[in-house]
Amino acid sequence: MLKALGGSQDFVAKEYILSLRDYALSKGVTTETLLLNTQKDADFLLNPPKYVSETILHTMGKNLSMALGDVMLAAIEFGQTMTLASHGVLGMAIQGCHTLQDTTHLARRYAQTRASSRSLNIVTEADGLCIRYDKTTSHSAQKYDDHFFSKFTTLINIEVLVRQLLQQHAITHYPHSQECQLHIPFKSYPHFPYDKIQKGLCVKFNCDYLQLKIPLAWMPLSLREGDKALAEMATNECEKDLKLHSPKDIVNEIYKQLEQKDNYTMSLVELAQSLSISVSTLQRRLREVNNTFKDIKAEARLNKAKLLLKHSPQSIENIACTLGFSDASNFTKSFKGRVGLTPKDYRKENMSN
């Protein structure tokens, strides 16, 4: 049984949902099958929001794999259909990079604007740059969990895009010591579709990590030239998205949402969903600036209370209701505890001034 979609999920950019939708349709998989257990309808596939729960993407991937009957084959084929555009503005920004090393730096900087998950790491080793998922507990663990399709697809797609970006260098003719390696942390896979793998990609089983290893010799190679103007605009858009992920800007956005929506009963889960980040990520970012959602909400409510008491003819009871207090008594107790005056006395004092 799938867990209900709650506030702990991370989020991904909508382009991944659209790419998965298009691939599923090309394989004859119905919308109903693709959306099974996602609590979404067909309208979601027509116009998904900018960010979507990562749980939904994983569930759709699992549904697609089950419908096609082979998780490896489905992941390989889907990964090979995805283009730079499938990664939205990040993919467009890559067109402004000069070398493969530049794309690594860019991906590190903007990855969180595409996906909030922190399980994908970039590690440099003596013989290659590893794009690696967190280590599995053991080879005997469940092989293909709900996330495997999405993870495997991502690695396949990265390898495809790297080759496209470096196509002028004829890297398929490089020696075996300078070829990409796809490491899989399982002992084997019956009837693995080697014929679907691109030439020059070496597949290895029984490895420590699920990862793609790119030869270090490829990193300084120049990329095929892209649209520089489009890349610059996409980079600016990435910067805007990234800014929303900084602790300081998250705090400002919380105040803005509470004040604009007059929603002072908003929960932490609701706020995280509106910001398209997980609850744990939100809490971590707030800790970085020594703050909590509870404190921010209390401060925002206090500021609103002062404003209404000074400039609104509303009764104390109505103000308490507006601010989400159960009654005027609780509002008075909270206000006096923070200001030192009751709402009534605060109003009189400020009216007299």
Q) How far does CG of Asn47 sit from NZ of Lys14, to the nearest 0.5 angstrom? A) 6.0 Å
Q.
I'd like to know if Leu25 and Ile56 are part of one continuous hydrophobic network [Ile/Leu/Val/Met/Phe/Trp/Tyr, side-chain heavy atoms within less than 4.5 Å].
A. no
Q. Counting only N and O atoms by type, is there a donor-acceptor contact under 3.5 Å from the side chain of Asp102 to the main-chain atoms of Thr99?
A. yes
Q. Do you know the tightest heavy-atom contact between Ile131 and Leu155?
A. O-CD2, 3.6 Å
Q. Would you find a donor on one side and an acceptor on the other, under 3.5 Å apart, between the side chain of Asn206 and the backbone of Lys187?
A. no
**Q.** Cation-pi, Phe325 ring and Arg301 (6.0 angstrom, 45 degrees)
**A.** yes
Q. Quick one: are the ring centres of Phe192 and Phe205 less than 6.0 Å apart?
A. yes
Q: Any chance you could lay out the side chain to side chain contact (heavy atoms under 4.5 Å, CB included) test for His87 and Met92, step after step, and finish with the verdict?
A: CA-CA 8 Å; His87 300 275; Met92 297 300 99; over 6 Å; no
Q. When hydrophobic residues are tied together by side-chain contacts of less than 4.5 Å, even through go-betweens, does Met82 share a cluster with Leu73?
A. no
Q) For Glu237, which residues count as a salt bridge (charged side-chain N to carboxylate O under 4.0 Å, His left out) partner, sequence neighbours excluded? A) none
Q. Are Phe78 and Leu18 co-members of a hydrophobic cluster defined by side-chain heavy atoms under 4.5 Å apart?
A. no
**Q.** Contact summary for Ala320 and Ala328, nearest pair of heavy atoms
**A.** CB-CA, 3.9 Å
**Q.** Carboxylate-amine/guanidinium proximity below 4.0 Å for Arg132 and Glu125
**A.** yes
(Q) Looking only at the side chains, is there a donor atom on one of Tyr133 and His147 sitting less than 3.5 Å from an acceptor on the other? (A) no
Q: Decide if atom CD of Gln314 counts as having more than 12 heavy atoms of other residues, nucleotides or ligands within a radius under 6.0 Å.
A: yes
Q: Compute the ring centroids of Phe148 and Phe186, then answer whether they are less than 6.0 Å apart.
A: yes
(Q) Using 30° and 60° as the class boundaries, would you call the ring planes of Tyr346 and Phe335 parallel, tilted or perpendicular? (A) perpendicular
Q: Give a yes or no on this: more than 12 heavy atoms of other residues, nucleotides or ligands lie within 6.0 Å of atom CE of Met219.
A: yes
(Q) Quick one: does any side-chain atom of Arg163 pair with a main-chain N or O of Gly200 as donor and acceptor, under 3.5 Å? (A) yes
Q | Side-chain donor-acceptor pair present, His169, Ser222, cut-off under 3.5 Å | A | yes
Q: Give a yes or no on whether a salt bridge exists between Lys336 and Asp345, defined as a side-chain N under 4.0 angstrom from a carboxylate O.
A: no
Q. Any chance NE2 of His311 has more than 12 other-residue heavy atoms, nucleotides or ligands included, within less than 6.0 Å?
A. yes
Q) Is it true that atom NZ of Lys294 has more than 12 heavy atoms of other residues, nucleotides or ligands lying nearer than 6.0 Å? A) no
